[in-house]
J.: 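There's a structure below that I have some questions on.
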Amino acid sequence: MSEEKSLNFLEEIIEKDLAEGKYKYIHTRFPPEPNGYLHIGHASSIHLNFGLAKKYKGKCNLRFDDTNPTTEETEYVESIKNDIKWLGFEWDGEYYASDYFEQLYGFAVKLINKGLAYVDDSTAEEIAALKGNIGVPGTNSPYRERTVEENLRLFQEMREGKYKDSEKVLRAKIDMAHPNLLLRDPILYRIKHEHHHRTGDKWCIYPMYDFAHGQSDSIENITHSICTLEFIHHRPLYDWCIQQLEIFPSHQYEFARRNLSYTVMSKRKLLQLVNEKHVDGWNDPRMPTVSGMRRRGYTAAALRNFCDTIGIAKRENVVDLSLLEFCVREDLNKLATRSMAVLDPVKLVITNYPEGQTENLEIENNPEDENSGKRTVPFSNEVWIEREDFMENPPKKFFRLGMGLMVRLKGAYIVQCNDFKKDENGNITEIHCTYIRESRSGNDTSGIHVKGTIHWVSVAHAKTAEVRLYDRLFRVEDPSSEDGDFKDYINPDSLQVLPQVFIEPSLAAAKPGEHFQFLRKGYFCVDTDSSAEKLIFNRTVTLKDSWAKEQKK
RNA sequence: AGUCCGAUGGUGUAAAGGUAGCACUACAGUUUUUGGUACUGUCUGUCUAGGUUCGAAUCCUGGUCGGACUACCA
């Protein structure tokens with residue numbers, strides 16, 4: 001336990017519980033519903049639950065909250081497990097709420113026997129109508145006073161499939177006038193003649209969240225059941241069930257879910273983006289999903305560090321996307337191999353360099369890592385450079401190419417521009433330079449110092465690749481709080497595809513998932529769709545660009 | 001309207017009655033064969049009104065503002 005870092009409110013509770021001997025060790029759990037893919041908010045919860053267990057030498061279970069067969073699928077189970085592992089966490093037990101269906105059924109029978117639950121024949125509309133409203137008490141259901149025997153028989157028949165969907169429900173008998181709407185005789189079981197991804201057709205009644213979650217926690221002896229703020233109103237019901245059932249008293253604690261600027265986080269909205277093809281699936285690199293971020297090139301370490309940095313609390317929040325990007329750059333800076341790629345090319349001809357001659361230059365792979373070694377980069381009299389690195393009428397602080405200006409070609413020579421060509425539309429088509437023979441990188445005896453260094457790729461040796469430039473998915477910080485539909489705020493430029501980018505030859509061997517820094521352009525990751533025949537790079541994040549800022553002034 | 005939760009710079013998060021700190025962002029500068037990295041510095045904050053106290057971001061009371069809850073979803 002590091003005393004240097006201050007404790008968050010959950011750590012304080014846990015340390016108190018441990019100090020007072022309330023528990024010998026703690027047991028947490030991460031309880032996803034397998035009806036969608038994990039996103040960065042889940043990553044935060046995973047990091048919290050698994051992190052707490054690790055810090056206090058306790059345990060953390062993975063439990064799928066699969067009580068609604070309508071929306072849940074095995075495909076999601078697999079992706080969730082995969083994402084958690086990728087994030088670097090291991091669960092102690094792998095459980096499913098559906099494993100407890102028989103036990104849960106028994107709990108319901110116990111409640112009926114105690115006179116605390118009843119079968120209601122009302123329709124959904126009738127139940128809603130009798131529920132009352134915020135500030136308005138509800139009314140008792142006409143079926144509320146059925147005898148224990150009748151309830152037992154009816155509930156049994158529900159299980160046996162005697163009734164159609166929605167014909168009957170099992171309800172807790174609590175208080176129809178309670179100020180907390182959730183305590184107005186909440187529904188415990190509903191009939192759904194549907195195939196469940198794990199129990200198949202064994203059941204046609206399924207417990208509701210409130211009659212499954214707390215009990216599952218209890219069955220697993222979870223000490224600290226951590227969930228998000230919107231469940232705070234459920235806690236009295238959570239406690240009520242545990243108390244009436246007389247089972248292990250797990251406790252629920254709530255924290256505020258983390259929001260990220262320039263994106264949306266709700267599963268419903270993410271599903272919409274996928275279904276309506278605004279993005280290319282759940283793992284589209286623009287999605288805030290774990291799989292999307294992984295494909296984009298974000299690392300697990302960066303994500304973990306991000307979760308650590310934003311911390312947890314109980315107030316509403318929107319975390320700045322720039323913090324996530326900072327964490328990603330920080331990690332990639334240490335591990336990404338540098339290389340050169342020209343995204344928007346223009347030809348530079350070195351007029352005093354022998355045509356047909358090739359030099360193999362040795363360039364460092366990563367100045368941040370001494371052990372990363374060097375690679376060979378071929379140089380010749382014609383190189384591609386970035387169009388934006390040349391200006392016909394450069395401003396004062398432009399440290400790049402323009403008539404008479406000098407720059408160093410990274411790892412090679414200093415060149416000076418003496419001429420350029422334009423087409424009929426005024427576009428620059430070719431830049432002519434002379435190179436300083438004595439300025440070769442590593443043994444520069446020219447005595448010339450230039451302000452700018454630019455990247456390049458030899459025309460004769462260049463390979464090509466597709467590059468996908470990603471930007472934030474939305475134009476506004478909080479799309480959900482804007483007027484109208486959140487989809488109206490999608491950034492139309494969130495993806496820009498460059499079909500043919502010139503890359504240095506060493507990049508041709510890049511494999512899917514590998515990270516690179518394209519010098520001065522950003523961090524890139526080889527896409528999962530990439531192949532030896534057709535290389536595809538995703539831009540993970542740009543480099544900080546103080547020149548771009550300077551220009552905006 | 002009822003119940004519950006929350007309020008610290010632009011953002012996120014600390015300070016458990018005693019110097020309002022850290023990170024990101026922004027800005028300025030140093031270093032640099034990436035206008036990257038690294039390093040240095042600067043700006044900006046306790047919702048409000050009372051009260052308790054030698055002393056309040058912290059405790060108490062009132063107010064204000066924001067959020068959640070009215071699914072046979074979780």
Side-chain angles (χ1 to χ4, degrees), chain A residues 5-8 12 31-33 35 65-68 70-72 97 120 122-124 127-128 131-138 165-171 178-184 186-192 206 208-210 212-213 227 229-236 254 256 258 261 267-268 309-327 329-330 333-334 338 340 363-364 367-368 397-400 407-412 414 439 441-442 444 449-455 477 517-522 542-550:
Chain A
K5 220 185 163 208
S6 52
L7 304 177
N8 64 47
E12 283 180 8
E33 184 189 9
N35 69 345
D65 229 335
D66 55 351
T67 56
N68 184 4
T70 314
T71 56
E72 295 154 5
D120 195 334
S122 308
T123 64
I127 289 176
K131 187 152 196 173
N133 212 321
I134 291 172
V136 183
D165 286 10
S166 301
E167 213 174 321
K168 287 180 170 29
V169 290
L170 182 74
R171 290 230 256 171
H178 199 104
N180 181 343
L181 292 291
L182 285 163
L183 260 27
R184 320 245 262 229
I187 293 170
L188 267 23
Y189 265 90
R190 76 289 214 192
I191 301 170
K192 272 178 186 269
Y206 293 93
M208 298 287 288
Y209 167 84
D210 287 306
H213 200 102
C227 62
L229 237 35
E230 67 268 27
F231 290 98
I232 199 162
H233 302 93
H234 293 249
R235 192 171 58 204
E254 310 85 12
R258 322 314 306 202
S261 60
K267 267 191 209 172
R268 205 194 90 246
T309 308
I310 62 180
I312 61 148
K314 294 183 79 161
R315 62 179 133 168
E316 297 295 314
N317 61 81
V318 182
V319 181
D320 228 322
L321 177 63
S322 60
L323 179 60
L324 211 209
E325 295 186 335
F326 167 81
C327 292
R329 289 191 188 106
E330 186 186 39
N333 179 47
K334 291 177 295 185
R338 271 59 170 173
M340 297 194 283
I363 302 183
E364 65 203 348
E368 302 299 316
K397 285 195 269 182
F398 189 73
F399 307 138
R400 305 178 188 183
V407 291
R408 173 174 295 279
L409 295 175
K410 173 70 187 179
I414 293 173
S439 69
S441 250
D444 183 345
H449 282 280
V450 291
K451 272 277 204 179
T453 298
I454 65 173
H455 60 279
E477 277 198 26
Q517 184 196 100
F518 289 176
L519 237 47
R520 306 205 302 143
K521 292 275 97 181
T542 59
L543 255 27
K544 280 180 73 178
D545 190 347
S546 51
W547 169 244
K549 276 182 196 164
E550 183 73 27

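When reading the values below, keep in mind they use all heavy atoms of this one structure, side chains included, and skip hydrogens, waters and symmetry mates. Per chain, numbering begins at 1; letters A, B, ... match sequence-line order.
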J.: Tell me which nucleotide, if any, is Watson-Crick or G-U wobble paired with B:rU3 when both distances must be under 3.5 Å.
T.: B:rA68
J.: On the nucleotide B:rU13, are OP1 or OP2 found under 4.0 Å from the side-chain N or O atoms that A:Arg315 carries?
T.: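 Affirmative; the distance criterion is met.
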J.: Figure out the CG/P separation between A:Asp320 and B:rC24, and round it to whole Å.
T.: 12 Å
J.: Kindly say whether, by distance alone, the side chain of A:Arg408 makes a donor-acceptor pair under 3.5 Å with the base of B:rU34?
T.: no
J.: Expressed in angstrom and rounded to an integer, what is the separation of A:Tyr209 atom OH from B:rC69 atom P?
T.: 14 Å
J.: For B:rU52, what is the paired nucleotide under Watson-Crick or G-U wobble rules, both distances under 3.5 Å?
T.: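 Result: none.
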J.: Report the residue from A:Asp66, A:Asp65, A:Thr70 that forms a side-chain contact (heavy atoms from CB on, under 4.5 Å) with A:Asn68.
T.: A:Thr70
J.: Taking only the side-chain heavy atoms of A:Pro367 (C-beta and beyond), determine which of B:rG36, B:rU25, B:rC69 contains the nearest atom.
T.: B:rG36
J.: If you look at every strand shown and take non-hydrogen atoms under 4.0 Å, does A:Arg329 touch a base, only sugar-phosphate, or nothing?
T.: nothing
J.: Between atom CZ in A:Phe231 and atom P in B:rA68, what is the gap in whole Å?
T.: 14 Å
J.: Could you state the atom-to-atom distance from CG of A:Asp545 to P of B:rU34 in whole Å?
T.: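 Result: 14 Å.
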J.: Calculate the interatomic distance between A:Arg520 atom CZ and B:rU32 atom C1'; express it in whole Å.
T.: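 My rounded result for the distance is 14 Å.
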J.: Does a nitrogen or oxygen in the side chain of A:Arg258 sit under 4.0 Å from OP1 or OP2 of B:rU13?
T.: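 It does, given that an N or O in the side chain of A:Arg258 lies less than 4.0 Å from OP1 or OP2 of B:rU13.
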J.: Does A:Lys410 come within less than 4.0 Å of A:Glu364, counting only side-chain N to carboxylate O?
T.: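 So A:Lys410 pairs with A:Glu364 through a salt bridge.
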J.: Can you check the distance between B:rA56 and B:rA71, where both ends of the measurement are the P atom (answer in whole Å)?
T.: 47 Å
J.: Picking from B:rC24, B:rU33, B:rG35, which would you name as closest to the side chain of A:Phe398?
T.: B:rG35
J.: If I take atom CG in residue A:Asn8 and atom C1' in nucleotide B:rC22, what distance separates them, rounded to the nearest angstrom?
T.: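 For the pair A:Asn8 CG and B:rC22 C1', the rounded distance is 16 Å.
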J.: Measure from the side chain of A:Thr453, starting at C-beta and using heavy atoms only, and say which of B:rG35, B:rG36, B:rA68 lies closest.
T.: B:rG35
J.: Would you measure the distance from the C1' atom in B:rA28 across to the matching atom in B:rC47 and give it in whole Å?
T.: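 Pairwise C1' distance, B:rA28 against B:rC47, rounds to 32 Å.
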J.: Counting only distance, no hydrogens or angles, is the base of B:rA68 paired donor-acceptor with the side chain of A:His234 under 3.5 Å?
T.: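 Side chain to base: no pair below 3.5 Å.
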J.: Would you mind classifying the nucleic acid contact of A:Gly442 as base, sugar-phosphate or nothing, using non-hydrogen atoms under 4.0 angstrom?
T.: base
J.: Have a look at A:Glu12 and say if it touches a base, only the backbone sugar-phosphate, or nothing, with a 4.0 Å heavy-atom cut-off.
T.: base
J.: Expressed as a whole number of Å, how far does the P atom of B:rA74 sit from that of B:rC4?
T.: 26 Å
J.: Counting only Watson-Crick or G-U wobble pairs whose two distances fall under 3.5 Å, which nucleotide matches B:rU42?
T.: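 Partner of B:rU42: B:rA26.
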J.: Just by modelled atom types, is the A:Ile414 backbone N or O under 3.5 Å from a matching donor or acceptor in the A:Ser439 side chain?
T.: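 It does hold such a pair.
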J.: Counting distance alone, no hydrogens or angles: does the base of B:rG36 have a donor or acceptor under 3.5 Å from a partner atom on the side chain of A:Glu368?
T.: yes
J.: Measure from the side chain of A:Lys549, starting at C-beta and using heavy atoms only, and say which of B:rC27, B:rA14, B:rG35 lies closest.
T.: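 In terms of side-chain proximity for A:Lys549, the closest of B:rC27, B:rA14, B:rG35 is B:rC27.
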J.: In the strands shown, is B:rA57 matched to any nucleotide by a Watson-Crick or G-U wobble pair with both distances under 3.5 Å, and which?
T.: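 The answer is none; no pair meets the criterion.
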J.: Side chain of A:Ile134 only, heavy atoms from C-beta on: which candidate in B:rC4, B:rA15, B:rA1 is closest?
T.: B:rA1
J.: What is the distance from CG of A:Asn133 to C1' of B:rA71, rounded to the nearest Å?
T.: 14 Å
J.: Taking the six-membered ring where the residue is Trp, are the ring centres of A:Trp547 and A:Phe398 under 6.0 Å apart?
T.: yes
J.: Should the side chain of A:Arg338 and the base of B:rU34 be counted as holding a donor-acceptor pair, with the cut-off at 3.5 Å?
T.: yes
J.: Tell me which nucleotide among B:rA74, B:rA23, B:rC4 gets nearest to the side chain of A:His233.
T.: B:rC4
J.: Of the listed nucleotides (B:rC73, B:rA23, B:rU37), which one gets closest to any side-chain atom of A:Leu323?
T.: B:rA23
J.: Salt bridge check, A:Asp444 against A:Arg408: does any charged N sit closer than 4.0 Å to a carboxylate O?
T.: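 Looking at A:Asp444 together with A:Arg408, the answer is yes, because their closest N to O distance falls below 4.0 Å.
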J.: Using a 4.0 Å heavy-atom cut-off across all strands, classify A:Ile310 as base, sugar-phosphate, or nothing.
T.: sugar-phosphate
J.: Would you classify A:Val318 as touching base, sugar-phosphate or nothing, given that sugar-phosphate means primed atoms plus P, OP1 and OP2, and contacts are heavy atoms under 4.0 Å?
T.: sugar-phosphate
J.: Which nucleotide, in any strand shown, forms a Watson-Crick or G-U wobble pair with B:rU31, with both distances under 3.5 Å?
T.: none
J.: Checking contacts here: which listed nucleotide (B:rG67, B:rG6, B:rC4) is nearest the side-chain heavy atoms of A:Ile232?
T.: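 Of the options given, the side chain of A:Ile232 lies nearest B:rC4.
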J.: Of the listed nucleotides (B:rU70, B:rA74, B:rG6), which one gets closest to any side-chain atom of A:Lys314?
T.: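 My answer, after comparing the listed nucleotides, is B:rG6.
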